[in-house]
Peer 1: 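I'd like to ask you about the structure that follows.
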2 protein chains.
Amino acid sequence: MNIGLLLFIPSREVENRILAAVVAAGFEITQAQARVLMRVGPDGTRLTELAEAAQVTKQTAGFLVDQMEKVGYVERVPDPTDGRARLVRVTGKAKEAVPVANAEMARIEAEWEQHIGRRRMAQLREALEMLGEITDPYR
Amino acid sequence: MNIGLLLFIPSREVENRILAAVVAAGFEITQAQARVLMRVGPDGTRLTELAEAAQVTKQTAGFLVDQMEKVGYVERVPDPTDGRARLVRVTGKAKEAVPVANAEMARIEAEWEQHIGRRRMAQLREALEMLGEITDPYR
DNA sequence: TTGTTCTAGTCAGATTCTCTGATTAAAGTA
DNA sequence: TACTTTAATCAGAGAATCTGACTAGAACAA
């Protein structure tokens, strides 16, 4: 079976479940917004970088950041090192969602480990980490 | 690092590259259409099943099948076992894209194997196949 | 057989996401 | 200074997706 599909299925499972958990906890956020939000670094990240990391155009990233800014999940602050740029930063409000997401993620990982075993789970993660080195445009 | 993201990145890489290869070969198809098309079985598949497998609503699946039908990649035939249903079938025209997609997939897998090694590649596939058992709504 | 309920698919309408192309302002460079 | 590049935004359009309502056939219960 096609490894692209094999990757896609659990990837979507994780996305769906984490989003559902976060939304159930009262946060108003969409999948597309979350994909961008996930890529915001601890000290803020430029829009252009976000766009590249999330693999969308700057316009799309800007659109999603606009929405998240409106509901207060991110803020834009001037970049002190470059007058043209602004840094997108995650606010405290959005950070409250992190433990919710982590809890659901832990639940999923536990289920998976239950099914495929601890050894294979570790191998899966190792292989994926390495693949990230050549496929993640963020690095 | 979040395993959802770790899965998402290479998954999108595969999608992007296969789509690009197929489009470059002269086929007019989109990512969303391809995701549905991939799930059509050898003897045809009902729209409802396609929707479930591709994790979209019936309306969305219908919309995408309409488009693919217009350009001749699929056809709808009555389901002999159920007067309400119709089977979506892949046409010969669309099947011509399969070797193109397979070739690109092979190229990607070779690159990956180059980077992570044959053993890890096999472990990755094994783990993903097993995960599919509990996460693939098609099965 | 005859209702009643369920299922497959479609229609209508709206929202969300995403893109291409053009523009502005600040940096970098010759 | 003048030219080129870069970060971000504006404007407009197209693609993908959804919710809700509907039709026709199937399944089932009395």
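Residue numbers begin at 1 in each chain, while the letters A, B, ... track the order of the sequences. A quick note: this is a predicted structure, and the numbers were derived from the prediction, not measured.
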Peer 1: Which part of the nucleic acid does B:Thr60 contact within heavy-atom distance under 4.0 Å: base, sugar-phosphate only, or nothing?
Peer 2: base

Peer 1: Grab the CG-C1' distance between A:Asp66 and C:dT18 for me, whole Å please.
Peer 2: 14 Å

Peer 1: With sequence neighbours excluded, what pairs up with A:Arg39 under the salt bridge (Lys or Arg N to Asp or Glu O under 4.0 Å) test?
Peer 2: A:Asp136

Peer 1: In whole angstrom, give the distance that lies between atom CG of B:Leu19 and atom P of C:dT18.
Peer 2: 15 Å

Peer 1: Measure the distance from CE on A:Met68 to C1' on C:dT16 and round it to the nearest whole Å.
Peer 2: 14 Å

Peer 1: Side-chain heavy atoms under 4.5 Å apart, restricted to Ile/Leu/Val/Met/Phe/Trp/Tyr: what other residues fall into the cluster of B:Leu87, or is it alone?
Peer 2: B:Val77

Peer 1: If I take atom NZ from residue B:Lys58 and atom CG from residue B:Leu50, how far apart are they, to the nearest 0.5 angstrom?
Peer 2: 13.0 Å

Peer 1: Do A:Val14 and A:Ile116 belong to the same hydrophobic cluster, where Ile, Leu, Val, Met, Phe, Trp and Tyr are linked whenever their side-chain heavy atoms lie under 4.5 Å apart, directly or via other members?
Peer 2: yes

Peer 1: Between B:Leu19 and B:Val71, is there a shared hydrophobic cluster once you connect ILVMFWY residues whose side-chain heavy atoms come closer than 4.5 Å?
Peer 2: yes

Peer 1: Whole angstrom is fine here: how far is it from CG in A:Leu64 over to C1' in D:dT9?
Peer 2: 15 Å

Peer 1: Checking all strands, does B:Asp82 fall into the base, sugar-phosphate, or nothing category for heavy-atom contacts under 4.0 angstrom?
Peer 2: sugar-phosphate

Peer 1: Should B:Thr30 be listed as having a side-chain N or O under 4.0 Å from OP1 or OP2 of D:dA16?
Peer 2: yes

Peer 1: In this structure, are over 12 heavy atoms from other groups packed under 6.0 Å from B:Glu69 atom CD?
Peer 2: yes

Peer 1: Looking at every strand, decide which applies to A:Gly83 at a 4.0 Å heavy-atom threshold: base, sugar-phosphate, or nothing.
Peer 2: sugar-phosphate

Peer 1: Anything under 3.5 Å between a donor and an acceptor, one on a side chain of residues 22-32 of chain A, the other on a protein residue two or more places apart or in another chain? List them.
Peer 2:
unit_1: A:Thr30; atom_1: OG1; unit_2: A:Gln33; atom_2: N; d: 3.2
unit_1: A:Gln31; atom_1: NE2; unit_2: A:Asn16; atom_2: OD1; d: 3.3

Peer 1: Does a side-chain N or O from B:Thr48 land closer than 4.0 Å to OP1 or OP2 of C:dG9, or not?
Peer 2: yes

Peer 1: Atom CG of A:Asp79 to atom C1' of C:dA27: distance rounded to whole Å?
Peer 2: 12 Å

Peer 1: Looking at B:Arg76, does any N or O in its side chain come under 4.0 Å of the phosphate oxygens OP1/OP2 on C:dT10?
Peer 2: yes

Peer 1: I want to confirm an ordering. Mapping B:Gln31 and A:Arg46 to their closest nucleotides on DNA chain D, which one lands closer to the 5' end?
Peer 2: A:Arg46

Peer 1: Could you give the distance from CD (B:Glu126) to CG (A:Leu124), rounded to the nearest 0.5 Å?
Peer 2: 11.0 Å

Peer 1: Quickly work out the A:Leu47 CG to D:dT6 P distance and round it to whole Å.
Peer 2: 16 Å

Peer 1: Compute the angle between the rotation axes at the two ends of the helix from C:dT1-D:dA30 to C:dA30-D:dT1, each taken over five pairs, rounded to 10 degrees.
Peer 2: 30°

Peer 1: OP1 or OP2 of D:dT5 sitting under 4.0 Å from any side-chain N/O of A:Arg84?
Peer 2: no

Peer 1: For A:Phe63 and C:dT20, give me the distance from atom CZ to atom P, rounded to whole Å.
Peer 2: 16 Å

Peer 1: Using the side-chain contact (heavy atoms from CB on, under 4.5 Å) rule, take A:Val88 and A:Arg76 through it: C-alpha gap first, then chi angles, then the decisive distance, then the call.
Peer 2: CA-CA 5 Å; A:Val88 176; A:Arg76 281 189 245 229; 4.2 Å; yes

Peer 1: Could you go through residues 102-110 of chain B and list every donor-acceptor pair under 3.5 Å that involves a side-chain atom there, pairing it with any protein atom two or more places apart or in another chain?
Peer 2:
unit_1: B:Glu104; atom_1: OE1; unit_2: B:Arg107; atom_2: NH1; d: 2.3
unit_1: B:Glu104; atom_1: OE2; unit_2: B:Arg17; atom_2: NE; d: 3.1
unit_1: B:Glu104; atom_1: OE2; unit_2: B:Arg17; atom_2: NH2; d: 3.1
unit_1: B:Glu109; atom_1: OE1; unit_2: B:Arg125; atom_2: NH2; d: 3.4
unit_1: B:Glu109; atom_1: OE2; unit_2: B:Arg125; atom_2: NH2; d: 3.1

Peer 1: Identify the pairs formed between an N or O of the protein and an N or O of nucleotides 19-23 of chain D at a distance under 3.5 Å, and give each distance.
Peer 2:
unit_1: D:dT19; atom_1: O4; unit_2: B:Gln59; atom_2: NE2; d: 3.4
unit_1: D:dG20; atom_1: O6; unit_2: B:Gln59; atom_2: NE2; d: 2.5

Peer 1: If you only use heavy atoms from C-beta on, which nucleotide in D:dA7, C:dC19, D:dT9 is closest to the side chain of A:Val56?
Peer 2: C:dC19

Peer 1: Calculate the interatomic distance between B:Glu49 atom CD and C:dT7 atom P; express it in whole Å.
Peer 2: 14 Å

